[in-house]
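Working notes, structure below.
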Protein chains: 2
Amino acid sequence: MSPKTQKKTKKQIIQEAAVRLFRDKGYSATSMRDLADAVNLKASSLYNHISSKEEILKDICFENAHRFLDGMKEVESLPGTPAEKVEALLRLHIRAATGDAASVMAFNDEWRHLAEPLLSEFMALRRDYERRFMAILKSGMQSGQIQDMEPVVALHTLFSSMRWLYDWFQPGKKLSSEKVEEDMVRMVMKGLVK
Amino acid sequence: MSPKTQKKTKKQIIQEAAVRLFRDKGYSATSMRDLADAVNLKASSLYNHISSKEEILKDICFENAHRFLDGMKEVESLPGTPAEKVEALLRLHIRAATGDAASVMAFNDEWRHLAEPLLSEFMALRRDYERRFMAILKSGMQSGQIQDMEPVVALHTLFSSMRWLYDWFQPGKKLSSEKVEEDMVRMVMKGLVK
DNA sequence: CCTACCGATCGGTAGG
DNA sequence: CCTACCGATCGGTAGG
């Protein structure tokens, strides 16, 4: 182990290359040969580090699911109005999308390629997260702080609104992630028109 | 030709089945055998109606690109403030996504599988549309009607916010498309909080 | 519209 | 970590 930086395992290197390929070409269109080329191995050698193509996708999907669920737990335990909680979660989503774009994109767009029983397990985590997010929205509507509308419409519109970040945003290039975060939070919370 | 309904050509039937499969499994994961099964043909027989898998994707992508460009042209020619034009375009996007979900999804998510030179041609149309949409946003910012922010952030957040509709919305099931449209327009234009 | 088939490529294994 | 290879499946063609 290097004193300065944690040494990456070959498995981590493979996962990071996979995540980039999944973003660029999609999970199905990425072959194990593509992945092997990206890490200078032969396809068969990948299997010394990972057990299958699906395992890589599974790891991406579940790591991100737990990242968001951990964030939710923290927000729930904090004091604050529903609108403040929604803003905190919004910032969590934005930071994940700008800071770890490829991974969050694979998590968002490629989970449907999971096979059972992983697919059901993943969808259960997702539903749990959505249910808890919606509970916050509903309580904000009841207290009159959040606009009265279909909670499910608010939830999905909010989630969706960040989905351009990971196939567009290039950190440090022209726009800072701080400026993007501030503009997006303002637009989602206060709207496009004055 | 039937007197009541325009008879669908086999090509149209194939395209509609393809669009549904691309939505459910993605373009890459959809095989010509899958598509053949969906229309009760053998894979080889598809080629009497279409020339390649990519041709189907090309038709979806370019039909939708022109649909949105036609809408843009109409909105540009209409009188109205920038905010009113943005709202009209927003409604165009929402109606396309709820009314023709599978096609709009393929258009939005699968175009990257086009090969050159189609890919560049498609991206040029997309860039033209985005440029014209951004011009409306900018003029609204200059007149003070639209919140001052990075136009590119506003543009992409707005586009993105509708992307859940086509993998979620089921017309007539619980939520009407009219209610969804009203809630979404209000949320995007006026924000989540009161 | 089908049967029969093409070469290429897929994810993955055997064996060293 | 490689070479060699597996059966399955891919998009697509030939020929009728």
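Values below: every heavy atom of this structure, side chains too, minus hydrogens, waters and symmetry copies. Below, read A as the first sequence line, B as the second, and so on, with proteins coming before strands; counting in each chain starts at 1.
- Atom CD1 in A:Ile14 sits roughly 15 Å away from atom C1' in C:dG11 (whole-Å rounding).
- Proximity note for B:Lys42 (side chain, C-beta onward) versus C:dT3, D:dC2, C:dC10: the nearest is C:dT3.
- Both B:Asn48 and B:Lys53 sit near DNA chain D, but only B:Lys53 has its closest nucleotide nearer the 5' end.
- Using a 4.0 Å cut-off between a side-chain N of Lys or Arg and a carboxylate O of Asp or Glu, A:Arg112 and B:Asp167 do not qualify as a salt bridge.
- Distances from the side chain of B:Tyr47 to the nucleotides C:dG11, D:dC1, D:dT13 place D:dT13 closest.
- Closest to the A:Ser52 side chain, of the nucleotides C:dG12, C:dA4, D:dG11, is C:dG12.
- The heavy-atom pair separating A:Val153 from B:Val180 by the smallest distance is CG2-CG2, 4.2 Å.
- Side chain of A:Ser44, nearest nucleotide from D:dC1, C:dC1, D:dA4: D:dA4.
- Between A:Ser31 and C:dC10 there is a side-chain N or O to OP1 or OP2 distance below 4.0 Å.
- Applying the Watson-Crick and G-U wobble criteria (two distances, each under 3.5 Å), D:dG15 pairs with C:dC2.
- Residue A:Ser28 is out of contact with every strand shown, counting any heavy-atom pair closer than 4.0 Å.
- Nucleotide C:dC10 holds its C1' atom 11 Å from the CG atom of A:Asp34, rounded to whole Å.
- In this structure, the NE2 atom of B:His113 is 16 Å from the P atom of D:dC10, given to the nearest Å.
- Rounded to an integer number of Å, the gap from CD1 of B:Ile56 to C1' of D:dG12 is 13 Å.
- Using cut-offs of 30° and 60° for the angle between ring planes, the B:Phe122 and B:Phe62 rings count as perpendicular.
- Among the atoms of the strands shown, base atoms are found under 4.0 Å from some heavy atom of B:Ser45.
- Whole-Å rounding puts the B:Met32 CE to C:dC6 C1' distance at 16 Å.
- For the residue pair B:Glu63 and B:Ser103, no side-chain donor N or O sits within less than 3.5 Å of a side-chain acceptor on the partner.
- Ionic pairing of A:Glu87 and A:Arg186 is not present here: no N-O contact between side-chain nitrogen and carboxylate oxygen is shorter than 4.0 angstrom.
- Map A:Ala43 and A:Arg33 each onto its nearest nucleotide of DNA chain D; the residue landing nearer the 5' end is A:Ala43.
- Residue-level contact check: A:Leu46 touches neither bases nor backbone, having no heavy atom under 4.0 Å from any strand.
- Distance NE2 (A:His49) to P (C:dG12): 15 Å, rounded to an integer number of Å.
- B:Glu55 places its CD atom 15 Å from the P atom of D:dG11, with the value rounded to the nearest Å.
- One can place CG of A:Asp37 at 12 Å from P of C:dT9, the figure rounded to the nearest angstrom.
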